[in-house]
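Read the structure below first, then the notes.
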Amino acid sequence: MTVDREVMGEGDRADEVSTGTVVAYLVAAVLLFGWFLFGWLVLQQGFVSSLGETAGTAFTLLLVVSIVGTVRRSRR
């Protein structure tokens with residue numbers, strides 16, 4: 001079995017992720033975990049319900065980030 005792949009040259013570099021982006025993702029992860037704990041422990045809505053609500057919120061955030069990234073990249 002063979003795999004075809006492109007070799008990156010010296011001038012080809014992937015876009016680097018800025019420190020601000022990494023910090024924003026970290027803050028989002030902490031807020032999502034807090035949202036999970038709030039629903040599970042404070043509202044007492046059950047583990048699976050809290051997990052599902054947090055997963056839905058995370059997927060919504062990923063969709064928003066994807067749309068914003070697409071719009072920003074299309075402007076270049």
Side-chain angles (χ1 to χ4, degrees):
M1 184 169 112
T2 63
V3 177
D4 294 330
R5 52 186 167 140
E6 296 179 19
V7 178
M8 291 178 56
E10 299 242 352
D12 299 332
R13 289 186 1 145
D15 293 335
E16 294 183 10
V17 180
S18 68
T19 305
T21 303
V22 173
V23 169
Y25 287 157
L26 183 62
V27 167
V30 168
L31 288 175
L32 284 171
F33 185 68
W35 184 251
F36 165 74
L37 289 178
F38 178 75
W40 184 35
L41 300 174
V42 177
L43 298 179
Q44 297 180 353
Q45 61 185 5
F47 179 81
V48 174
S49 294
S50 295
L51 195 62
E53 186 174 333
T54 303
T57 305
F59 287 131
T60 303
L61 283 174
L62 286 173
L63 179 64
V64 169
V65 166
S66 175
I67 291 170
V68 169
T70 301
V71 170
R72 288 184 67 194
R73 186 163 290 200
S74 70
R75 289 186 179 179
R76 290 184 194 176

Joint cluster assignment, Phe38 & Val48, ILVMFWY side-chain distance < 4.5 Å = no
Contacts of Ser50 meeting side chain to side chain donor-acceptor pair (under 3.5 Å) (sequence neighbours excluded), chain-then-number -> Gln45
Side-chain donor-acceptor pairs of residues 21-29 under 3.5 Å, sequence neighbours excluded:
unit_1 : atom_1 : unit_2 : atom_2 : d
Thr21  : OG1    : Ser18  : OG     : 2.9

Identify, with sequence neighbours excluded, every residue that meets side chain to side chain donor-acceptor pair (under 3.5 Å) alongside Arg72.
-> none
How does the hydrophobic cluster around Leu32 look, that is, which other residues are in it when side-chain heavy atoms under 4.5 Å mark a link?
-> Leu61
The side chain to side chain contact (heavy atoms under 4.5 Å, CB included) partners of Leu51 (sequence neighbours excluded) come to Phe36, Phe47
Can you pull the ring-ring contact (aromatic ring centres under 6.0 Å, His included) pairs that have at least one residue in residues 54-76, sequence neighbours excluded?
-> none
Please collect all side-chain hydrogen bond (donor to acceptor under 3.5 Å, both in side chains) contacts where either partner lies in residues 58-70, sequence neighbours excluded, each pair once.
-> none
Not counting sequence neighbours, which residues clear salt bridge (charged side-chain N to carboxylate O under 4.0 Å, His left out) with Arg73? List them please.
-> Asp15
Hydrophobic cluster mates of Val68, side-chain heavy atoms under 4.5 angstrom, ILVMFWY only, any path?
-> Val64
